[in-house]
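To start, the structure under review is shown below, and the notes come after it.
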Amino acid sequence: MQSNPIEALKHQLDTLCETDKTGFIRLTTPCQVGNLMGWLNVQSVYPRLYWKVRDTNAVDCAVLGAIKAFDSLAALQADLAALAQAGGQQPNYFGGMAFDPGTPGWEHFPACHFLLPRIELKRHQGGATLSLNLRFDDRSPSAEITQAYACLDALVAEQPLPRLQPLVYQREDRPSQQEWVAWVGQVTNPDHLVHTPKVVLSRETCLTTPETPSPWALLARWQAGAADCFHFGVQFTPHEAFIGCPPERLYKREGRHLMTEALAGTTRRGQDAQQDQALADELLADKKNSLENQCVYQQLLTQLESLSSQVQMGEAHIVKLRSVQHIRRLIHAELHRDVTDQQLLAVLPPTPAVGGVPRESALAFIRQHELHQRGWYAGVFGRISHASSDLAVAIRCAHIGPEAIRLYAGAGIVAGSQPDEEWHELDTKIADIMSLLGMG
């Protein structure tokens with residue numbers, strides 16, 4: 001990035017010093033940037049976060065620093081409401097939530113954490129913009145201005161991402177395949193199915209390695225082969241990151257209109273177009289996979305009923321990703337006037353696509369049997385603002401530490417599930433990133 005956008009923001013900040021300062025203010029200037037992750041990778045400011053929704057022509061967004069951070073939905077919603085009432089510009093908050101906030105998670109990844117960033121770098125069809133965010137309602141104006149100048153001074157130009165080297169690693173799956181077979185047997189036992197027709201079991205694949213790759217180089221390579229997915233990455237500290245390319249939307253809200261989806265039921269991709277279509281047709285006709293999808297959409301419809309004046313569900317269709325195909329049904333709802341993101345996030349996650357049905361008994365089985373900590377895997381990640389929000393379900397992801405990469409995958413276990421087939425499905429779901437880790 002050239003220095004002139006930074007100087008332009010400093011000039012705007014100089015001008016701002018001479019005016020009354022209230023509430024939230026965003027200063028913005030055009031800029032040029034090649035690779036947002038190449039920019040993020042060399043910055044010294046933390047947190048560092050990347051977000052891109054899966055929609056066509058979506059905006060890339062890289063953010064740095066945190067003016068304010070919220071470890072509860074109530075605190076986040078109160079801040080949203082206060083700034084909305086004051087009028088003027090409205091901020092974007094970025095962050096996520098754990099799969100099961102009631103259980104121990106990952107260090108440095110709270111059960112819920114959303115932040116208002118200091119710096120936002122956005123790239124869209126018309127070009128790119130660099131923004132500086134400021135808050136003046138609850139802090140010393142002079143201190144806020146000083147911190148903003150310091151953050152601008154710390155910014156450096158983007159550099160090419162480091163080359164990914166083939167990874168030397170030791171692999172351990174938790175659970176083992178033997179334990180997995182036993183779990184699936186318990187879930188598919190008729191006595192268990194009577195009260196819990198679906199449990200989504202997960203596996204942690206731990207790759208111990210002397211040196212882990214740059215998370216931003218890994219995400220950039222992964223993103224290139226995952227066009228129809230969300231893309232996210234976050235570093236709260238220098239030596240730990242969480243990245244992913246999830247295909248599943250938790251929800252998108254524009255004002256009072258909400259869109260969500262039931263994404264469940266999986267098969268592999270074919271070796272040619274004819275085989276690919278045959279596998280897709282088999283997936284739609286398969287009773288086990290249709291049941292898995294039905295468990296998801298029925299619970300979503302039930303959850304939205306009390307929050308909405310109108311709910312509509314579309315027909316089942318196939319989503320084709322790089323390694324797998326899924327059944328998806330889109331759901332649209334008109335929310336009641338007073339429904340907030342806090343209420344939606346208190347009700348919708350964890351979805352039946354990552355937890356099970358009914359939720360509490362499925363979670364009880366997961367808590368009892370899974371020894372690995374899901375943390376933010378299968379949780380929530382995305383952006384929230386007063387006018388709109390877009391959040392993904394954090395699957396197809398990797399937790400990167402100083403000496404290990406942890407990959408996560410899950411499979412919905414219902415009547416008719418076969419342990420070996422489901423285990424193979426887990427390998428298929430992590431195939432993309434495993435191939436990246438083996439490439440030079």
Side-chain angles (χ1 to χ4, degrees), residues 37 50 96 98-100 105-109 164-177 179-180 183 200-226 229-235 239-248 263 266 268-269 321-324 326 350 353-355 366 369-381 392-413 421-439:
M37 284 179 252
Y50 178 84
F99 164 76
D100 187 358
W106 304 335
E107 189 182 7
H108 305 131
F109 285 82
L164 289 175
Q165 300 296 331
L167 197 69
V168 177
Y169 60 84
Q170 289 183 306
R171 173 174 173 169
E172 182 185 0
D173 291 319
R174 304 169 184 158
S176 66
Q177 188 168 4
E179 290 169 317
W180 176 265
W183 289 3
V200 181
L201 299 177
S202 75
R203 184 186 73 193
E204 176 188 80
T205 297
C206 182
L207 309 176
T208 305
T209 179
E211 186 177 358
T212 53
S214 157
W216 304 110
L218 190 56
L219 180 58
R221 178 83 72 83
W222 195 357
Q223 179 186 51
C229 295
F230 295 85
H231 307 132
F232 74 82
V234 60
Q235 280 184 302
H239 304 295
E240 189 177 19
F242 182 48
I243 65 172
C245 294
E248 182 178 357
L263 187 81
T266 306
R268 61 185 174 86
R269 294 298 305 269
L321 303 176
R322 188 176 173 188
S323 300
V324 294
H326 295 297
V354 293
I366 291 166
H369 291 83
E370 289 188 1
L371 299 180
H372 60 273
Q373 299 298 336
R374 291 198 185 190
W376 280 26
Y377 160 66
V380 176
F381 198 94
V393 179
I395 56 176
R396 310 300 147 78
C397 57
H399 179 224
I400 303 171
E403 297 176 345
I405 300 173
R406 290 176 168 83
L407 311 178
Y408 298 89
I413 309 303
E421 291 178 10
E422 302 296 345
W423 183 264
H424 180 65
E425 181 180 309
L426 301 180
D427 283 330
T428 302
K429 286 176 175 176
I430 66 167
D432 286 353
I433 193 162
M434 286 295 290
S435 68
L436 299 183
L437 292 168
M439 291 167 62

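The structure presented is a predicted model; accordingly, all values stated were derived computationally and were not measured.
Atom CE of Met37 and atom CG of Leu218 lie 10.0 Å apart (nearest 0.5 Å).
A pairwise comparison of heavy atoms in Leu436 and Trp222 identifies CD1-CA, 3.2 Å as the closest pair. In terms of heavy-atom proximity, Val168 sits nearest to Thr209 at O-OG1, 2.9 Å. Closest approach of Gly410 and Lys429 over heavy atoms only: O-NZ, 2.7 Å. Pairing each heavy atom of Gly244 with each of Leu219, the nearest pair is O-CD1, 3.7 Å. For Pro246 against Val393, the heavy-atom pair with the smallest separation is CB-O, 3.1 Å. Across all non-hydrogen atoms, the minimal contact from Cys397 to Tyr377 is SG-CD1, 3.5 Å.
Judged by distance alone, the side chains of Trp216 and Gln235 do bring a donor and an acceptor atom under 3.5 Å apart. Checking Ser202 against Glu370 by side-chain atom types alone, a donor-acceptor pair falls below 3.5 Å.
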**OP:** Begin with the C-alpha distance, continue with both residues' side-chain angles, and end with the deciding distance and a verdict on ring pair (Phe, Tyr, Trp, His ring centres under 6.0 Å) for Phe230 and Phe381.
**Re:** CA-CA 10 Å; Phe230 295 85; Phe381 198 94; over 10 Å; no
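Of the possible polar contacts, one joining the His372 side chain to the Arg174 backbone as a donor-acceptor pair under 3.5 Å is found. Between the Arg269 side chain and the Leu321 main chain, a donor and an acceptor come within less than 3.5 Å of each other.
Remark: His399 pairs with Trp106, Phe109 by the ring-ring contact (aromatic ring centres under 6.0 Å, His included) rule, at least two apart or across chains. For Glu179, the side-chain hydrogen bond (donor to acceptor under 3.5 Å, both in side chains) partners two or more places apart in sequence, or in a different chain, are Ser176. Residues that satisfy the side-chain contact (heavy atoms from CB on, under 4.5 Å) test with His369, not counting sequence neighbours, are Trp183, Gln186, Phe365.
Taking a cutoff of 4.0 Å between a charged side-chain nitrogen and a carboxylate oxygen, Arg203 and Asp427 qualify as a salt bridge.
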